[in-house]
Each structure stands twice: as structure tokens, then as C-alpha cells.
Amino acid sequence: MKSIKRIGVLTGGGDCPGLNAVIRSIAKPAMSYFGATVIGIEDGFEGFVEGRMRELTPKEIGGIVSVGGTILGTSTKGNPFQFPVETPQGVEVFDYSENAIRNYKDWGLDALIAIGGDGTMHIVDRFTDMGFNFIGVPKTIDNDLAATDVTFGYYSAVAVATDAIDRLHTTASAHHRVMVVEVMGRYAGWIALGAGLAGGADAILIPEIPFKWEKVYEHVLRRSIHGNRFSIICVAEGARPSEGDIIVKETDKKRTDPIRLGGIGELVAKKVTEGTGLETRVTVLGHLQRGGSPTAYDRILASKFGSKAIELASENKFGHMVSLRGNEVTSVPVKEAILSLRTVPPNDQGVVAARAVGTCFGD
Ligand code: F6P
């Protein structure tokens, strides 16, 4: 890291458990081994455009490996290339990338590590093309980034959702009800699949396998008839019936991804009641899946990702994203990571395993 004396770090997009573990494993070696100054950028790219930055101290990066959230703050808004501004005509977007570049130069940054999801990696790619020294670290509970086998945060979200399904089992059984649990994941069904498999859900509905209402009704009724007088349906927020659309909760032009999903859980519960006569209840887990401490796995993965990012900086390997391939932490050109979203292949081993124990996917 001879040429890197001042390195910036930011967390962009929705938070997830493990962000602080990454910040720690970037900042500690940068300060102690390389004698670099680490500049923390507040609230993701929004703070980058607005010049909200501070020098991180050894004190504030200590004791945070187990702490959820991010000490830097984050934002789902503020893409520098499409920066949202309130005008008398409503929200308009402007290219404010020049402001971000000015701040990069004013703060004397030699490189910047951006920890984020798909939206963040697109921005990293744009700045890389403009000749700036950016490195990406993949995070998201959705696990939907291409070019890495897993993102940190995913297993923490799955742990929360699995615990919820375990708890719903006992009350579902006591009241002989159908319990619908809606989990996050955007357009990918990884959280629903992981938690549904770990929690033994009776039906898992994911965006990658559009479902038929009749198949879901038949499955819960069959269970009822055979003496299992309850069912758990784990539904991803992006799931949709084969003859229906994904449910959008809100569209907000200020967000890097303007669409916020949600509502399919309520619909599934309503339709199952109508289609089967069984009593249903719905639980929407929402942001519980993003809160709290990272699991041990995510702390370890996040720590490895952070130290790899510093290694990349020391090798001047910019325009790359840290990635997990098998058991190896490596890196890939960020361009590869943004080619597509990583969704659940219909023949994924998790789908196969769930089907093998009789789980219904509604197809
Ligand atoms: O991308 C992470 C995620 O939690 C998605 O699973 C979810 O659709 C979205 O963010 C929610 O966004 P917000 O926190 O802005 O409501």
C-alpha cells in the first residue's frame, strides 16, 4: 500500500449485519500495517456527494465486529449520477458526480472502498470507468449479487427468518392454522428458500418459480386431511402467481432502486382462506431481518472480505469486487458482478432438497 496513504470507505444501500465487521477489517490493517488515514464517508453516496466525511479513529473501529447496522450510516438514495433533488415540480434527478469527484479530490483520497449491493456496484463501475480507484465489497441480505457465491448478511437474515418460522410452528399447531410468513429478498428467493428449508416450511413461494393458487390450496388441504392440521407458507416478497404480477408497495424516485416490494403475504393469506376455508394469519418479518448482530458466519465472512479489500488496494487492483468462490475469498472485475442479478436456479440444490422432503413450491 505504498501509494495509498488516504483511503475512503462507505456503506451504500440497505444495511445488513456484518457491515461494521468489514469496516473494522479494512480500517485496522490500513491504519496499523500501512500507516494510512481512513476516511469514513457518512450515509453512503449521499454523503459522498454532499462531502460529509470524517477521519476514522482507532477508538471508533474497536469493538464493532458484533454490532449490527453501520457506524458510517447508509442510504438507499443519492446515486451521484442520478441524484434526487426536491424541486417545485417534484423530485428531479441530476448528475452530481462532479460533486463526488470534487470531494474525492478535496479529501485527498487515493482509493475508495464501497461496501454495498447491486446499486452500489453499478456506481463503483461508473467511477472506475472515469479513472478513479474504487473497490467493491458485496453485501446484502438478498444474496442476489452475481460473481460471488454468497454475500455477508444473508445468513444473518436467514437465521432471523428461521427463528420466526420455528416460533410460528408452535402457535400454528396449537390453533390449527395456516401461517404465512413474508420475507424480504427483492427479486430473488434466497431468503425464503434458506429459511423455508431450515425451518421446515410446508410451502415455499419464490419469484423464480411462479406458483398456481390451486397447487397451494391442494397442499395445505392434503396436510389437513392427513392429520397435520396446520401449515407454514414461507413467501418471498417478490413471489408472484403464474397469472399475476409482483406486488409493489411503493415507488419512490429518490431511491437508487425506486421500487419497494411487499404485500404478497397478505394476498396469500386471503386467497388461502377463500380457497380452502382454513383459518390463516400472516406475519411480515420486514426489517427484523436486517437488524441485530451478525451471525458468527457473517462476522467471519465480513472480516475476510474487508481484509481482502485492503489487499486489493495494496496491489492497486481497482475496479474489482471482493468475491467468495467455494471456500476461497478472491476478486472479480466489478463489471462481471453487475451483468445480472443472481437468482435461484429452479434446479438449485436447496430447491431439490426441499422438494425431497415434500415441500410445495406451488408449481
Ligand atoms: O435489499 C435489501 C432489502 O432489505 C430488500 O430485501 C428489501 O426489498 C429492501 O431492501 C427494503 O428496502 P427499505 O429498507 O428501503 O425499505
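Computed from a prediction, not measured in an experiment: that's the story for all the values here. Both ligands and their constituent atoms are indexed starting at 1 by order of listing.
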Need the ligand 1 atom indices (1-based, order shown) with element for anything under 4.0 Å from a heavy-atom of R260.
16 (O)
Shortest protein heavy-atom distance from atom 1 (O) of ligand 1, along with the residue and atom involved
D142 OD2, 2.6 Å
Does a side-chain N-to-carboxylate-O contact under 4.0 Å join E214 and K212?
no
Answer yes or no: does atom CG of D245 have more than 12 heavy-atom neighbours from other residues, nucleotides or ligands under 6.0 Å?
no
Is E218 atom CD crowded by more than 12 heavy atoms from other residues, nucleotides or ligands, each under 6.0 Å away?
yes
For G185, the ligand 1 atoms with a heavy-atom partner under 4.0 Å come out as 6 (O)
Examine T76 against ligand 1 and note whether any of their N/O atoms are separated by less than 3.5 Å.
no
If you define the side chain from C-beta out and look only at heavy atoms, does anything of V351 sit under 4.5 Å from V344?
yes
Any non-hydrogen side-chain atom of L205 less than 4.5 Å from a side-chain atom of F361?
no
Picking from S303, P294, C16, what satisfies side chain to side chain contact (heavy atoms under 4.5 Å, CB included) with F152?
C16
Which residue is it: T11, T70, V137, V65? I am looking for the one with a side chain to side chain contact (heavy atoms under 4.5 Å, CB included) to V22.
V137
Any atom of ligand 1 sitting under 4.0 Å from a heavy atom of G117?
no
Determine whether E55 and T37 satisfy the following criterion, side chain to side chain donor-acceptor pair (under 3.5 Å), listing intermediate values before the conclusion.
CA-CA 7 Å; E55 184 178 332; T37 300; 4.6 Å; no
If the cut-off is 4.0 Å to any non-hydrogen atom of R186, which atoms of ligand 1 fall inside it?
5 (C), 6 (O), 8 (O)
Close N or O approach (I141, ligand 1; < 3.5 Å)
no
Heavy-atom nearest neighbour in the protein, as seen from atom 15 (O) of ligand 1, with distance rounded to 0.1 Å:
R255 NH1, 2.5 Å
protein heavy-atom neighbour closest to atom 13 (P) of ligand 1 works out as H287 NE2, 3.5 Å
Please confirm whether Q289 comes under 4.0 Å of ligand 1, counting heavy atoms of the residue only.
no
Run the numbers for me: atoms of ligand 1, each under 4.0 Å from some heavy atom of E237, listed by number.
5 (C), 6 (O), 7 (C), 8 (O)
re atom 4 (O) of ligand 1, the protein heavy-atom contact at minimum distance is R290 NH1, 2.7 Å
